[in-house]
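Take a look at the structure below.
Residue numbering restarts at 1 for every chain, and letters A, B, ... go by the order of the sequence lines.
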Number of protein chains: 2
Amino acid sequence: MKRVSLKDIAKMVGASPSTVSFILNGKASQMRISDELKNKVLATAKKMGYQPNQVAVSLRTGQTKILGLLVEDISNNFFASLAKTIEEEAEEFGYKVVYSSTENNSKKGVELLRMLTQRQVDGYLVTPTLGMEEDIEMLVKHKKPLVLMDRYFPGIEAAYVQVDNTGAVLKGMEHLVEKGYKKIAYITIESGLIQMRQREEAYAEAISKSPEQKKKYALKVAYNGSREVIIDQITEFLKKNKPDAVFFATNYLGILGLESIRSIGLSIPKDLAVICFDDNDIFRLHLPGISVLQQPVEAIARTAIHILMQQLGNNKVAIKKNQVQLAANFIVREST
Amino acid sequence: MKRVSLKDIAKMVGASPSTVSFILNGKASQMRISDELKNKVLATAKKMGYQPNQVAVSLRTGQTKILGLLVEDISNNFFASLAKTIEEEAEEFGYKVVYSSTENNSKKGVELLRMLTQRQVDGYLVTPTLGMEEDIEMLVKHKKPLVLMDRYFPGIEAAYVQVDNTGAVLKGMEHLVEKGYKKIAYITIESGLIQMRQREEAYAEAISKSPEQKKKYALKVAYNGSREVIIDQITEFLKKNKPDAVFFATNYLGILGLESIRSIGLSIPKDLAVICFDDNDIFRLHLPGISVLQQPVEAIARTAIHILMQQLGNNKVAIKKNQVQLAANFIVREST
DNA sequence: CTGAAAGCGCTTACAG
DNA sequence: CTGAAAGCGCTTACAG
C-alpha cells in the first residue's frame with residue numbers, strides 16, 4: 001500500500017503536478033484554474049487519502065515548521081508545564097515542537113542542539129546548561145531564531161525570558177523578616193547558572209540589609225546528589241545550625257527538605273518556617289501548606305514564543321524587548 | 001552565512017559529491033577510496049562545520065529516524081515519566097521522539113496522528129483516546145510500526161503494553177478486605193477507555209466476592225470537570241455514603257480526593273482508609289503516606305520501544321508477545 | 001578507485 | 001488558464 005503522491009493525483013485527473021500543487025495549496029483562484037478542474041482534483045485527493053509529504057515540502061521550502069525545545073528535565077513539573085504551554089502556543093502559529101531533556105549535561109545539550117540544527121528546526125527554545133555557551137553564541141552569530149528561558153549567559157546577546165529571581169527572593173525574605181524570623185537559612189544547589197546565582201545573591205543582599213540577622217546560613221548541595229544524600233545533607237545542616245526559617249531555592253530541594261524536616265520531627269512553622277521557590281501540588285496539599293514564590297510559567301512560555309515568532313517574521317504580536325524578566329507570584333500559605 | 005552542503009565540500013576538495021557522501025557515511029574503505037582523499041574530505045568537512053541536512057537525507061532514504069509519541073497529557077506525572085523513558089530508550093536505537101498531548105480529545109488526537117504521518121515518522125507510540133479507532137486501524141492495515149500504551153482497543157489487532165489493571169485493583173481490594181474494611185468505595189472518571197473499565201470491573205468483581213460487603217459504592221466524575229467541581233462531587237459523595245475506605249482510580253483523582261478529605265476533616269486511615277492507582281511524590285510525602293498501586297512506568301516504556309524496534313526490523317532485542325501486561329507494584333503506606 | 005545521473009516529493013519561477 | 005523544467009540536498013545503483 002504505497003502512499004499517494006501529488007504526481008499520482010496529477011496522473012489520475014490528467015493534469016500536471018504543478019497545477020495540482022497550486023490547487024492543493026489553495027492557490028487555484030490566484031492561478032485562475034477552472035472550478036471544474038479544481039473540484040476534480042480536490043475530490044480525487046480526498047478519495048485517495050492524499051497527505052502531503054512534509055519532508056519534501058520542508059526540503060523544497062526550507063521551512064520545517066518545527067521548533068526545537070531543550071529543557072533541563074521534562075519529568076520535572078516546572079519544565080513539563082513550560083513545555084506544554086509552549087506546545088499549545090506554537091500550535092497557534094502553525095508550528096510543531098520537538099523536545100528533549102539536557103539533564104543539565106552540557107555534552108548532551110550540545111549534541112541535542114546540533115541534532116536540532118541537522119533536523120533543520122526553524123527556531124530554538126532553550127534552557128541552556130553551563131558549557132553550551134559556544135554553541136549558543138554560534139546560533140546567535142548565524143542569526144538563528146533563538147530564545148533562552150529560565151537562565152541565560154550574561155556575555156551573550158541572545159533573547160531570553162525568565163522570572164525576576166532577585167525580586168522574588170527579596171520579596172520572600174522581606175516577608176520572613178517582617179514575620180520576625182531572625183535566623184533564616186538558605187538551601188540551594190551548587191550551580192553556576194545565572195538563575196541560581198541571582199537567587200543566592202538576593203538572599204545575601206536581604207541578609208546584609210536585615211536589622212536582626214548578620215550572618216548567612218547557606219547550604220549548597222551537589223547537583224548530582226541522590227535523593228538520600230541530599231536529604232541527609234539537609235538534615236545535618238538543619239540540626240547543626242538550627243535556623244528558625246529556611247528558604248529552599250528550588251522545587252526539588254523543597255520536596256526533599258520537607259522529607260528531611262519530617263524525619264527530624266520539626267513542626268512547621270512553629271519550630272521552622274519554610275518557603276520555597278517554585279510552586280508544586282505538593283506544597284499546596286502539604287499540611288501545613290508551604291508558602292512559595294510561584295513562577296509565572298504560562299507567561300514565560302507565551303512570551304518566549306512571541307519573541308521567537310517575532311524573530312521568525314511572524315508579526316501577529318508586537319513585543320518591545322527581547323530580554324524579559326517576569327514577576328513571580330508570592331503565595332503565602334501556613335508555613336511562614 | 002549559508003550552511004555548507006555536501007556539494008560545497010566536493011567542490012573544495014575537487015571530488016564528486018558521491019565520493020564525499022561515501023566518505024562522510026563511513027563507506028570509504030568499502031568503496032576503496034584512498035586514505036589521502038578520505039582524510040582531506042574529513043578535514044574539510046570538520047573545518048567548514050559541515051552538518052548533514054537531515055531533511056534531505058530523510059527524503060532520499062525514506063527514513064526520518066523520528067518516532068511519534070502521543071500521550072494524554074505531558075504535564076501529568078505519569079505521562080511525563082513515560083515520555084522521558086521512551087526518549088532515553090529511543091536514543092539508544094538512534095531515534096528521536098516528537099511528542100504531543102491529545103488531552104483525551106479525539107479530534108486533536110486524530111489530527112496529531114495525521115500530522116505525524118505527514119511528517120513521515122518511522123513509528124508510532126500512542127495512548128489512544130476514544131474516537132481514534134478508525135485512524136489506528138488504518139495504521140495497522142498499512143502495517144505501520146505502532147505500539148499502543150496504557151490502553152488499547154479490544155477489536156483492533158495492534159501491539160500494546162499496559163499495566164495489569166485487573167490484577168492491580170484486585171490486589172488492592174484484597175488488602176483492604178483483609179484489613180477489615182467493610183464499606184469500600186470506588187471513585188473513578190467517566191470514561192469508556194479500556195484501562196478504566198478494567199479497573200472498575202475488577203472493583204466490582206472484588207466486591208462480588210467479598211464476604212462482608214455486598215453493595216458497590218461507586219462515583220464517576222466527568223472527565224472535563226474542573227478541579228473545584230470534582231472536589232465538590234467527591235466531598236458530597238463521601239459525606240453521603242460514609243465509606244470506611246476509598247479506592248481512587250487515578251493519580252489525579254487521588255490528589256483531588258485528598259483535598260476533599262481534608263476539607264471534610266476526616267482522619268486517614270482512622271475515619272477513612274485511602275488507596276490509589278498510580279504513585280506520585282505527593283502520596284509518598286503526604287501525612288500519612290498513601291498506599292498505592294504503582295505502575296511500572298519504565299518497564300512499560302522500555303517494552304513498548306522494544307516491540308516497536310522489533311517491528312522496525314531492529315533485531316537487537318527479542319520479544320515474544322506484542323500484547324503485554326505488566327504487574328503493578330503494591331506499595332503499602334500508612335493510609336490503609 | 002571515482003564520477004555522472006537519477007530520483008526522493010514537493011514548489012515555483014518561467015513560458016506559452 | 002496550464003504545463004515543462006529546475007532545484008532543495010542528499011544517496012545509491014550504474015558505468016567506466
Side-chain angles (χ1 to χ4, degrees), chain A residues 1-42 44-45 48-66 115 117-122, chain B residues 1-42 44-45 48-66 115 117-122:
Chain A
M1 198 84 134
K2 260 309 247 103
R3 280 226 347 225
V4 281
S5 72
L6 190 148
K7 236 199 283 186
D8 296 334
I9 295 184
K11 211 171 292 173
M12 299 190 74
V13 303
S16 81
S18 20
T19 306
V20 175
S21 170
F22 286 131
I23 294 172
L24 260 19
N25 288 310
K27 295 184 184 160
S29 63
Q30 190 183 322
M31 299 314 268
R32 326 184 96 227
I33 292 169
S34 70
D35 274 8
E36 196 195 333
L37 182 55
K38 175 177 142 190
N39 292 330
K40 196 165 154 196
V41 167
L42 257 22
T44 325
M48 305 301 296
Y50 172 70
Q51 309 236 85
N53 182 328
Q54 260 304 129
V55 172
V57 173
S58 294
L59 179 59
R60 176 59 229 238
T61 62
Q63 286 203 347
T64 53
K65 289 288 176 181
I66 293 179
M115 184 277 300
T117 303
Q118 294 188 188
R119 301 268 188 212
Q120 313 288 120
V121 296
D122 290 343
Chain B
M1 198 82 136
K2 263 305 245 105
R3 282 229 341 229
V4 281
S5 72
L6 189 149
K7 236 198 284 186
D8 296 334
I9 295 183
K11 212 171 289 172
M12 298 191 74
V13 302
S16 81
S18 21
T19 307
V20 175
S21 170
F22 287 130
I23 295 171
L24 259 21
N25 287 309
K27 297 183 182 159
S29 64
Q30 187 183 324
M31 298 314 268
R32 326 184 96 230
I33 293 167
S34 69
D35 274 7
E36 195 196 335
L37 183 55
K38 175 178 142 187
N39 291 331
K40 196 165 155 198
V41 166
L42 257 21
T44 323
M48 303 303 295
Y50 172 71
Q51 310 237 83
N53 180 329
Q54 259 305 128
V55 173
V57 174
S58 295
L59 180 60
R60 176 60 226 239
T61 61
Q63 286 203 348
T64 52
K65 290 286 176 184
I66 293 179
M115 183 276 300
T117 303
Q118 295 187 188
R119 301 269 188 211
Q120 314 288 120
V121 296
D122 290 344

In whole Å, what is the span from the [atom1] atom of [X] to the [atom2] atom of [N]?
{"X": "A:Leu6", "N": "C:dT11", "atom1": "CG", "atom2": "P", "result": "6 Å"}
{"X": "B:Asp35", "N": "C:dT2", "atom1": "CG", "atom2": "P", "result": "10 Å"}
{"X": "B:Gln63", "N": "D:dT11", "atom1": "CD", "atom2": "C1'", "result": "13 Å"}
{"X": "A:Ile23", "N": "D:dC1", "atom1": "CD1", "atom2": "P", "result": "13 Å"}
{"X": "A:Arg119", "N": "D:dC10", "atom1": "CZ", "atom2": "P", "result": "14 Å"}
{"X": "B:Gln118", "N": "C:dC8", "atom1": "CD", "atom2": "P", "result": "20 Å"}
{"X": "A:Met48", "N": "C:dG9", "atom1": "CE", "atom2": "P", "result": "14 Å"}
{"X": "A:Asp8", "N": "C:dC8", "atom1": "CG", "atom2": "C1'", "result": "13 Å"}

Check: For DNA chain D, what are the stems built from at least three Watson-Crick or G-U pairs in a row, each pair having both distances below 3.5 Å?
Finding: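 As far as DNA chain D goes, consecutive pairing (with distances under 3.5 Å) yields the stems C:1-3 with D:14-16, C:5-12 with D:5-12, C:14-16 with D:1-3.
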Notebook entry, point to check: Do A:Ser18 and A:Ser21 have side-chain N/O donor and acceptor atoms under 3.5 Å apart?
Noted result: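 There is no such pair between these side chains.
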Notebook entry, point to check: With rounding to whole Å, what would you report as the distance between D:dT2 and C:dT11 at their C1' atoms?
Noted result: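 My reading of the C1' atoms in D:dT2 and C:dT11 gives 16 Å.
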Check: Want to settle it: does B:Phe22 or B:Arg60 sit nearer the 5' end of DNA chain C, counting the closest nucleotide to each?
Finding: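 The residue whose closest nucleotide sits nearer the 5' end is B:Phe22.
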Checklist line | Position toward the 5' end of DNA chain C (nearest nucleotide), B:Leu59 or B:Ile33 | finding: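 Closer to the 5' end of DNA chain C: B:Ile33.
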Choosing from [options], which nucleotide comes nearest the side chain of [X]?
{"X": "A:Ser18", "options": "D:dA4, C:dA4, D:dT11", "value": "D:dA4"}
{"X": "A:Val57", "options": "C:dC10, D:dG3, D:dC10", "value": "C:dC10"}
{"X": "B:Tyr50", "options": "D:dT2, D:dG3, D:dC10", "value": "D:dC10"}
{"X": "A:Ser21", "options": "D:dG3, C:dT11, D:dT2", "value": "C:dT11"}
{"X": "A:Asn53", "options": "C:dG3, D:dC1, C:dG9", "value": "C:dG9"}

Next item on the list: Ignoring hydrogens and angles, tell me if any N or O in the side chain of A:Ser5 forms a donor-acceptor pair with the backbone of A:Asp8 under 3.5 Å.
Entry: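 Yes; at least one donor-acceptor contact below 3.5 Å.
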Notebook entry, point to check: Within the structure, does a side-chain N or O atom of B:Asn25 lie under 4.0 Å from either OP1 or OP2 of D:dT11?
Noted result: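 It does, given that an N or O in the side chain of B:Asn25 lies less than 4.0 Å from OP1 or OP2 of D:dT11.
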Note to self: So, does A:Lys27 get its side chain near the phosphate of C:dT12, meaning an N or O under 4.0 Å from OP1 or OP2?
What the structure shows: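 Affirmative; the distance criterion is met.
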Notebook entry, point to check: For A:Leu37, which of A:Val20, A:Leu42, A:Ile23 qualifies under side chain to side chain contact (heavy atoms under 4.5 Å, CB included)?
Noted result: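 With A:Leu37 as partner, side chain to side chain contact (heavy atoms under 4.5 Å, CB included) holds for just one option, A:Ile23.
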Next item on the list: Under 4.0 Å between any heavy atoms, over every strand shown, what does A:Ser58 touch: base, sugar-phosphate, or nothing? Just pick one.
Entry: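 Here A:Ser58 touches no strand at all.
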Notebook entry, point to check: Atom NZ of A:Lys65 and atom CD of B:Gln118: how far apart are they, to the nearest 0.5 Å?
Noted result: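 It comes to 14.0 Å.
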Next item on the list: Output the distance between atom CD (A:Gln54) and atom OG1 (A:Thr61), rounded to the nearest 0.5 Å.
Entry: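 Rounded to the nearest 0.5 Å, the CD-OG1 separation comes out at 7.5 Å.
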Note to self: Using every non-hydrogen atom in the two residues, find where A:Ser58 and A:Thr64 come nearest and quote the distance to one decimal.
What the structure shows: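 Taking A:Ser58 first and A:Thr64 second, the nearest heavy atoms are OG-CA, 3.4 Å.
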Notebook entry, point to check: For the residue pair A:Lys7 and A:Pro17, what are the closest heavy atoms and their distance?
Noted result: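 Heavy atoms only, the tightest pair is CG-CG, 4.1 Å.
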Next item on the list: Show your working on side chain to side chain contact (heavy atoms under 4.5 Å, CB included) between B:Asn53 and A:Gln120 and close with a plain yes or no.
Entry: CA-CA 7 Å; B:Asn53 180 329; A:Gln120 313 288 120; 3.4 Å; yes
